[in-house]
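Only one structure is covered here, and it is reproduced in the block below.
As the structure is a prediction and not an experimental result, all values here were calculated from the model. Heavy atoms only: backbone and side chains are in, while hydrogens, waters and symmetry mates are out.
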Amino acid sequence: MSIIERLKTLNSPQQAAVKSDAQHLLVLAGAGSGKTRVLTHRISWLLETGQAAPTGVLAVTFTNKAAREMRSRVSELLEQPVDAMWIGTFHGLAHRLLRQHHLEARLPREFQILDSDDQLRLIKRLFSELGLKDSSLQPKQAQYYINDQKDEGRRAEHIAPSADPYEQERQQVYMAYQHACERAGVVDFAELLLRAHELWRDNPALIKHYRARFRHVLVDEFQDINTIQYAWLRVLLGTEGNLTVVGDDDQSIYGWRGAKVETIQQFQDDFPGAELIRLEQNYRSTQTILAAANAVIDHNQGRLGKELWSEGAEGEPVQLYAAFNEQDEARFVAEQADAWIDSGHSANDIAVLYRSNAQSRVLEEAFMRVQLPYRIYGGMRFYERLEIRNALAYLRLVANTMDDPAMERVINVPPRGVGQKSLDKLRQLAREEGCSLWDAARLGLERKLVTGKAVTALTAFFQLLDDLRASRHELSLRQLMETTLDMTGLLEYHKAEKGERGQARVENLQELLGALDMYEVPEDGDPLTEFLAEASLNAGEGQADDHEAAVNMMTLHSSKGLEFPLVFLVGVEENLFPHKMSATDPQKLEEERRLCYVGITRAEQKLFLTYAESRRLYGQDNFNPVSRFVREIPERLLAEVRLNMQVSRPVSGVALGQDAAEGAIALGALVRHPIFGDGVVLNFEGAGPNATVQVNFDGEGIKQLVYQFAKLEVIG
DNA sequence: GACTGAGACCTTTTT
DNA sequence: GGTCTCAGTC
């Protein structure tokens, strides 16, 4: 298809965005408005009109998935591979730069990437070294602190000393952590970005080269950008570079990990004269669903402003179901999903979205009960599994003996008799000598600091690793890994684990061997180093999808970017959604609202909102009112689902009250009390004249009433 | 080094 | 309520 023909498939704002010759362009792309289409068409437009060479384009995303999709769609449009183009994630591109310029970046050639888990382990170790074991500061918090600082571009030595002891400890850990990373030649995720920024900022010749090269920079999901990523881009752009950003301030939901909505909101202040194009026509949802989404997000302040519209069908009202507890809610969702599938739809077309992972359990049970297949997004990913990390840690040591986190991980896995005592001695020695744990272990052997079992164990360990290191370039990656698994006994060790766990681990290790077989060795760079980096940067999708059709269950966060004909948004209750952690802070509350907007706009045809009058969470019963977000949806768009059925009791073995049995009043019924007003029936106790009823009254809370005196009027 | 019990934790997640 | 971590014991 020619460029002209292709442009005709776009609507007019989309065309304007593709063809714009503004130096700085902000495309405000609402949910389902063809954001990726615009981005990919714009890249191919720039190339085909000769405004840019393939080597002159830098396109950045946040996830590997998005990067892959962009690459394949651009390649499809251009009908040729686009290998010359730099399309990737912020971390991936930063990594590429640092490899190419490791000298200027003051990094060892074979630096390795430290992922979150190893980062935390390292911090824990530093805690004991620094004597912070009993501190009120937790290793996890220190980890967040360090990453936050790096995301803001702050180095430990640049932070002004604080008088606050707690703050001092955090700074102390940051400092020690940084030194440990440098010694080991490892770089964490945030460090990739920070280093890449410093690399460009501090090397005028280098940045001059890249500025001349990347004349066109394009950024996807710009609302998710953090401080250091933005700084990195701005260094690259200088005054001459062309920048296109695509994003939606209403879908900014990652503020809690450093993303700054303000950056997109103030784009036109940073780049005066920037062109702003809004994509507001939605190709995904019914008009009713869009109206609901618009109504909710309209309650936020400081938006760039945008109103989604559609030429599509008006569609059904949004269904609202008031369950009386979380069991009932889950049962309702499972039954509705089942009915929809029975009417000829695929389970794949259904999504159940929740605010927090803790909610998934009850839903899973309900789905199992009606025997509906489901699949849960998120969770442990391939390269995060223990056995995989153990195996890769050996390879990391083969690549770089300075890698202390790797050494710590495998020095006694599988157990070979280097216990806590010996290990402590070796750590101590490493500290004294200022050397790696590897070298310390060598020294320890020489100086006979370790005894008995540890001596034979370490001798064998070094023999093995030296052999592996020597044969590293003769063997393929697979052979190297196979030999490692075999000689270290790691495979045997995991095989011996009891139950299905052992078997699953062995299977995963075999899959790892398969992955090494399939790995395409890059033209430049060392295969092993490149593979290890790839494993960290692209930890792998969730569990491999079996090809059976299944209902999709996931958090609202992981639903961003996806769409489904039928969506259940469950647990729309105050304290759960918006989450109580966000209730007091207006900024956080707005982010929750954006999360709600994201959730609603996932739905194409039909949307259910459900909430529970009573919810058991962390072993406690909670009675939360319906979420404010529901109340922000105009009533004309909502339809309350009333089930014409007997609601089963959650607690077994307690007889229903006499009157209840007669049908005068049911669990979940709406009742009116002369004094307390309206409420919902939560529970019955006992039978006969002394039967009591528990009612959750609006504004009054929960009351226990003796039924025969309560003068309750059933109103729904 | 494996097992056990007490205690702490409990929002969202990518790279 | 469930899970995970850590310290203590065999």
Side-chain angles (χ1 to χ4, degrees), chain A residues 60-67 88-95 113-121 124 127-128 133 138-141 144 147 150-151 187-194 196 221 224-226 228-229 252-259 326 353-362 377-381 383-384 412-421 423 453 457 493 496-498 533-542 554-561 571 575-583 585 588 591-592 594-596 598-599 615-622:
Chain A
V60 202
T61 65
F62 285 86
T63 64
N64 291 301
K65 194 172 153 210
T89 62
F90 278 99
H91 293 86
L93 297 177
H95 171 249
I113 298 169
L114 194 70
D115 65 24
S116 320
D117 188 57
D118 279 328
Q119 183 183 40
L120 186 59
R121 290 165 62 111
K124 281 184 180 160
F127 262 62
S128 32
K133 275 264 161 173
Q138 297 295 311
K140 264 250 165 60
Q141 295 169 292
Y144 295 145
N147 291 333
K150 291 190 176 189
D151 282 345
V187 163
D188 63 49
F189 288 127
E191 183 76 20
L192 285 171
L193 304 172
L194 185 51
E221 304 274 17
D224 289 335
I225 200 162
N226 71 25
I228 192 69
Q229 289 160 338
S252 164
I253 55 175
Y254 288 109
W256 50 275
R257 62 172 206 223
E326 77 284 350
L353 311 181
Y354 36 81
R355 176 66 238 265
S356 58
N357 284 311
Q359 290 168 258
S360 71
R361 194 187 187 84
V362 190
Y377 280 67
M380 192 57 81
R381 294 175 316 156
Y383 286 105
E384 287 171 356
N412 201 32
V413 174
R416 51 171 66 88
V418 186
Q420 210 56 50
K421 278 261 171 63
L423 194 47
K453 218 156 63 172
Y493 171 66
E497 281 184 88
K498 56 180 89 141
E534 164 105 5
S536 305
L537 286 172
N538 197 351
E541 313 302 292
M554 68 192 85
T555 63
L556 283 159
H557 283 89
S558 33
S559 76
K560 196 172 75 159
N575 295 323
L576 195 62
F577 188 37
H579 197 274
K580 63 170 172 295
M581 299 289 208
S582 308
D585 179 342
K588 287 185 179 169
E591 184 154 312
E592 296 275 327
R594 294 193 290 266
L595 195 53
C596 183
V598 167
R615 179 178 299 275
R616 204 173 179 84
L617 209 58
Y618 306 135
Q620 291 244 297
D621 282 322
N622 294 275

Set of residues satisfying salt bridge (charged side-chain N to carboxylate O under 4.0 Å, His left out) with respect to A:E591, sequence neighbours excluded: A:R594
Verify, without hydrogens or angle tests, whether [X] (side chain) and [Y] (backbone) share a donor-acceptor contact under 3.5 angstrom.
X      : Y      : value
A:E221 : A:T61  : no
A:D115 : A:D118 : yes
A:N622 : A:Q620 : yes
A:N412 : A:R416 : yes

Taking the minimum atom-to-atom distance to the side chain of [X], which one of [options] wins?
X      : options                : answer
A:E384 : B:dT13, B:dC10, B:dT15 : B:dT15
A:S582 : B:dT11, B:dT13, B:dG1  : B:dT11
A:L537 : B:dT12, B:dT15, C:dG1  : B:dT15
A:Y618 : C:dG1, B:dT13, B:dT15  : C:dG1
A:H557 : B:dT13, B:dT15, B:dC10 : B:dT13
A:H579 : B:dT13, B:dT15, B:dT11 : B:dT11
A:R616 : B:dT12, C:dG1, B:dT11  : C:dG1
A:M581 : B:dT11, B:dT13, B:dT15 : B:dT11
A:T89  : C:dG1, B:dT13, B:dT15  : B:dT15

[N] OP1/OP2 closer than 4.0 Å to side-chain N/O of [X]:
X      : N      : result
A:R381 : B:dT15 : yes
A:S116 : B:dT13 : no
A:N64  : B:dT14 : no
A:N412 : B:dG1  : yes

Have a look at [X] and say if it touches a base, only the backbone sugar-phosphate, or nothing, with a 4.0 Å heavy-atom cut-off.
X      : answer
A:D621 : nothing
A:Q420 : nothing
A:G417 : sugar-phosphate
A:N357 : sugar-phosphate

Interatomic distance, [X] [atom1] vs [N] [atom2] [rounded to whole Å]:
X      : N      : atom1 : atom2 : result
A:R361 : B:dC10 : CZ    : P     : 19 Å
A:Q359 : B:dC10 : CD    : C1'   : 13 Å
A:D224 : B:dT15 : CG    : P     : 12 Å
A:Q138 : B:dC9  : CD    : C1'   : 10 Å
A:L556 : B:dT13 : CG    : P     : 10 Å
A:L576 : B:dT12 : CG    : C1'   : 12 Å
A:I253 : B:dT13 : CD1   : C1'   : 10 Å
A:D188 : B:dT14 : CG    : C1'   : 13 Å

Over all atoms of both residues, closest heavy-atom pair of [X] and [Y]:
X      : Y      : result
A:S559 : A:L556 : OG-O, 2.7 Å
A:A539 : A:R381 : CB-NH2, 3.3 Å
A:A67  : A:G88  : CB-CA, 3.9 Å

Inter-nucleotide [atom1] distance ([N], [M]), Å rounded:
N      : M      : atom1 : value
C:dT3  : B:dT14 : C1'   : 24 Å
B:dT11 : C:dC6  : C1'   : 25 Å
C:dT5  : B:dT12 : P     : 16 Å

For nucleotides 2-6 of chain B, print each protein N/O atom paired with a nucleotide N/O atom at under 3.5 Å, atom names and distance only.
from: B:dC3; atom 1: OP1; to: A:K498; atom 2: NZ; distance (Å): 2.9

Is [Y] close to [X] at the side-chain level, that is, under 4.5 Å between some pair of heavy atoms?
X      : Y      : result
A:K588 : A:H579 : no
A:I113 : A:L537 : yes
A:H557 : A:W256 : yes

pi-stack flag for A:F189 and B:dT14, centroid dist under 5.5 Å, interplanar under 30°: no
Pairwise 5' ranking along DNA chain B for A:S558 and A:R416, keeping only the more 5' one: A:R416
Syn/anti state of B:dT11 by chi, 90° boundary around 0: syn
Under 4.0 Å protein heavy-atom contacts per nucleotide of nucleotides 4-10 of chain C, with B for base, S for backbone only and - for none: --S----
Residues A:E326 and A:R616 bridged, charged N to O under 4.0 Å: no
